Amino acid sequence: MSDLKKEIQETGFTGEIDDTQATREFYSHDASMFEIIPKVVVMPKTAKDVQTLVQYVTKHKAKQPSLSLTARSAGTDMSGAAINDSIIVDFNKHLTAAIKIDSKRAIVQPGMFFRDFDKETAKHGALLPSYPASRDLASVGGMVNNNSGGEKSLEYGKTEKYVKELKFVFADGIERVVKPLNRKQLILKMAQKDFEGKVYRELFELIEANYDEIKAARPNVSKNSTGYNLWNVWDRRTGIFDLTQVIVGAQGTLGFVTEAEFELVDRPEHSGLLVLFLRDVGDLGELIPAVLKHKPASFEGFDDATLIMIMKFMFSFLKMLGLKRFLHLIIGLIPDGLQLLKGIPKMVLMIEFNGHSEDEVRKKVHDLHKTLGKYRARYEINGFEETPNEYKSEKFWIMRRYSFQLLRSKVKDKHTAPFIDDLVVNPEYLAEFLPKIRKIVKKYNLLATVQGHMGDGNFHIIPLMKLEDKRDRKKILPAMREVNELVLKYGGSLSGEHNDGLVRGPWLEQMYGKEIVKLFRETKDIFDPEHIFNPHKKADATWSYSFSHIRDKF
Ligand SMILES: Cc1cc2nc3c(=O)[nH]c(=O)nc-3n(C[C@H](O)[C@H](O)[C@H](O)COP(=O)(O)OP(=O)(O)OC[C@H]3O[C@@H](n4cnc5c(N)ncnc54)[C@H](O)[C@@H]3O)c2cc1C
């Protein structure tokens, strides 16, 4: 038994502590292109266990500087933020309970899978609408800490909008409730002599002293998961100081979430899709604003490379979906398969509408079809398809949601390399921007699939590479630099939802400038003075560290 395992056992920690080779290897990966082997993996049973761990590390950090704690819920992070080299704290084993759910609010532990949470909220006709495409794999804790968004963010926004209260273990090892405070409550909080009082005081002073710069630093896009959300914390006009907002999206670099209270929305009663098979991606720039005028609930898409890969590995869906849903998928796709004989569209676009009845949805879908029909000769390759209810739409949603998972598990000679996987630019620039991105992808000869949230201008470009091959690895830095420069030239964000982690943390200065990144670092120091939480991520990331941990064994 390692000393570390023994020492953690002696603290009274009641969960599992596992330092076997197999477990450490399993936890050395998330869904990113990185690999870091931890010393030990622990699975807390209670919030008290989480506090015990934080107190243990705080106590020993001075003598053992390499000690740290990295939270992990379902481990589907694409930025490399759920892996590290010291202690991994797995919330997905025991801290998985729904504590209270009604039609308006839900209180839940972070390790609960979204898919289980969703079944519970559905019983109340309610929905947490900021779920990611990884909805069947991810947990609510990961959603909070990445500030996730997804197919419904166009209409409903991201997770930051739905977090109302958190239970949070601070760096002094004490769990406290974090929620929005009015001026009077804030003054009382800042007067406290303990660590919590110090955090409120110092963060308030930091934001107040740099108020205009911080507000101006907010990226001008509909969704952003980079940096710390300082612009959402303090509002002089309303007098509300909301600490939850800097924790949301912080990737566990400021402390640990042990419970989250969400506001829920009414689950849409009916929804349906207009599906458009696009002949020329160059038309997207003009098409996106035309579609957005109709105010769809979602506007998603995937490219021909994704479609071909889905067709090739169609039988893998059997394992992922089970027989009944698989048969539904296959039967539903027969007409589309026949249409594909005429040619493969460059992009499949899915435009979703909600309504109180199927007829209302059918009308919205049909109206858009009629409007876009004007452009038929240019956009259409195999026609439009109207799927005015959830049952008929499901085949497209399955393809959209599962495609990245399929890429990861099925393409054996190459590996997914998410490093330009989440860029966002304002849709008004897409006509100019997209051809330029395509040029860069071509210049570096990147074999990439493209999926995305078209309505938000948020694109997931996932190259497939031989990461173990030096020639392929050498492309990453220059390709990333060019893509990032282009995104920033158009006033975009490097990440709409997947967050910074190892992959984008080193680029924060390029995106925000030195002064704002200095404020991010000061924020980290206020919450985590000894840097015990998730080192090498976000504002603490450096490209040399990240690059040296790109995975080279498969
Ligand atoms: C196929 C696929 C599709 C995806 N699509 C999307 C998408 O559409 N939108 C999107 O936003 N993301 C997407 N992602 C990325 C990822 O799935 C989401 O961000 C998801 O919300 C992460 O949840 P998780 O439970 O796996 O988190 P993890 O990977 O376990 O953790 C994510 C981050 O949160 C921190 N964290 C976890 N639990 C806690 C806690 N209790 N306290 C403090 N910090 C904590 C971790 O340290 C890490 O930094 C996708 C990933 C995959 C594999």
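Each ligand, and each atom within it, is numbered from 1 in the order the structure gives. When a residue number appears, it is its place in the shown sequence, counting from 1. Remember, predicted model here, so these are calculated numbers, not experimental data.
In this structure, Tyr545 has its ring center under 6.0 Å from that of His536. Checked against the 6.0 Å centroid threshold, His460 and His453 count as a close aromatic pair.
Here the heavy atom of the protein found nearest to atom 50 (C) of ligand 1 is Ser134 OG, 3.4 Å. Of the protein's non-hydrogen atoms, Thr76 O, 3.6 Å is the one closest to atom 15 (C) of ligand 1. Of all protein heavy atoms, the one lying nearest to atom 37 (C) of ligand 1 is Ser73 OG, 3.5 Å. Here the protein heavy atom with the shortest distance to atom 32 (C) of ligand 1 is Asp77 OD2, 3.4 Å. The nearest protein atom to atom 48 (C) of ligand 1, hydrogens excluded, is given as Ala81 O, 3.6 Å; this is a heavy-atom distance. What sits closest to atom 27 (O) of ligand 1 on the protein, heavy atoms only, is Gly142 CA, 3.2 Å. Protein heavy atom at the shortest distance from atom 45 (C) of ligand 1 is Asn145 ND2, 3.2 Å. With hydrogens left out, the protein atom closest to atom 25 (O) of ligand 1 is Ser139 OG, 2.6 Å, a heavy atom.
Side-chain contact between Thr121 and Phe262 is absent, with no heavy-atom pair separated by less than 4.5 Å. Inter-residue side-chain proximity for Met454 and Phe459 is flagged as met; some heavy-atom pair is nearer than 4.5 Å. Side-chain contact check for Met511 versus Leu488: some heavy-atom pair is nearer than 4.5 Å. No side-chain heavy atom of Asp136 sits under 4.5 Å from any side-chain heavy atom of Arg401.
The shortest N/O to N/O separation between Asn146 and ligand 1 falls below 3.5 Å. Looking at Leu137 next to ligand 1, no N or O pair under 3.5 Å apart turns up. Taking distance alone, with nitrogen or oxygen atoms compared against 3.5 Å, Thr70 stays at or beyond that limit from ligand 1. The distance criterion of under 3.5 Å between nitrogen or oxygen atoms is met by Ala71 with respect to ligand 1. When only interatomic distances are considered, the shortest N/O to N/O separation between Arg72 and ligand 1 does not fall below 3.5 Å. At a 3.5 angstrom cut-off on N or O pairs, Ala138 does not count as close to ligand 1. Considering backbone and side-chain N/O atoms, Glu497 comes within less than 3.5 Å of an N/O atom of ligand 1. Close N/O approach between Pro132 and ligand 1 is not found [any backbone or side-chain N/O within under 3.5 Å]. Close N/O approach between Gly75 and ligand 1 is found [any backbone or side-chain N/O within under 3.5 Å].
Close to ligand 1: Gly255, with a non-hydrogen atom less than 4.0 angstrom away. Under a 4.0 Å heavy-atom criterion, Asn534 is in contact with ligand 1.
By the 6.0 Å and 45° rule, Arg176 stacks over the aromatic ring of Phe170. For Lys152 and Tyr131, the positive end is not near the middle of the six-membered ring at less than 6.0 Å and at most 45° from its axis.
By the neighbour-count criterion of 12 heavy atoms within 6.0 Å, atom CG of Asp552 is densely surrounded, having more than that number from other residues, nucleotides or ligands. The local environment of NZ in Lys179 is sparse, with at most 12 non-hydrogen atoms from other residues, nucleotides or ligands closer than 6.0 Å. In the displayed structure, Lys48 atom NZ is contacted under 6.0 Å by at most 12 heavy atoms of other residues, nucleotides or ligands.
Electrostatic pairing of Asp49 and Lys45 does not count as a salt bridge here, judged by no charged N lying under 4.0 Å from a carboxylate O. Contact check on Asp456 versus Lys223 returns a salt bridge, with a Lys/Arg side-chain nitrogen under 4.0 Å from an Asp/Glu carboxylate oxygen. Ion pairing of Glu497 with Lys158 is absent here, as no side-chain N (NZ or NE/NH1/NH2) approaches a carboxylate O to less than 4.0 Å. The existence of a salt bridge linking Arg400 and Glu151 is excluded, since no basic side-chain nitrogen approaches an acidic carboxylate oxygen closer than 4.0 Å. Between Arg135 and Asp118, at least one side-chain nitrogen of the basic residue sits less than 4.0 Å from a carboxylate oxygen of the acidic one, meeting the salt-bridge criterion.
For Ala133, heavy-atom contacts with ligand 1 shorter than 4.0 Å involve the backbone as well as the side chain. In Pro110, the part holding a heavy atom less than 4.0 Å from any atom of ligand 1 is the side chain.
Here the CD1-CG distance, from Ile437 to Leu430, works out to 10.5 Å after rounding to the nearest 0.5 Å.
When Val257, Thr253, Asn84, Ile83 are checked for heavy-atom proximity to atom 42 (N) of ligand 1, Val257 turns out nearest. When Tyr402, Tyr131, Phe256, Phe404 are checked for heavy-atom proximity to atom 1 (C) of ligand 1, Phe404 turns out nearest.
Annotation for ligand 1: atoms under 4.0 Å from non-hydrogen atoms of Ser148 are 10 (C), 11 (O), 18 (C), 19 (O), 20 (C), 21 (O). The ligand atoms of ligand 1 that sit less than 4.0 angstrom from a heavy atom of Gly252 are 43 (C), 44 (N). Those atoms of ligand 1 that come under 4.0 Å of a heavy atom in Ala82, given as number and element, are 29 (O). Each of the following atoms of ligand 1 lies closer than 4.0 Å to a heavy atom of Gly149: 7 (C), 8 (O), 9 (N), 10 (C), 11 (O). Every atom of ligand 1 is numbered from 1 in the order shown, and the set under 4.0 Å from a heavy atom of Ala74 is 24 (P), 25 (O), 26 (O), 30 (O). In the vicinity of Ala31, heavy-atom distances shorter than 4.0 Å reach the ligand 1 atoms 53 (C).
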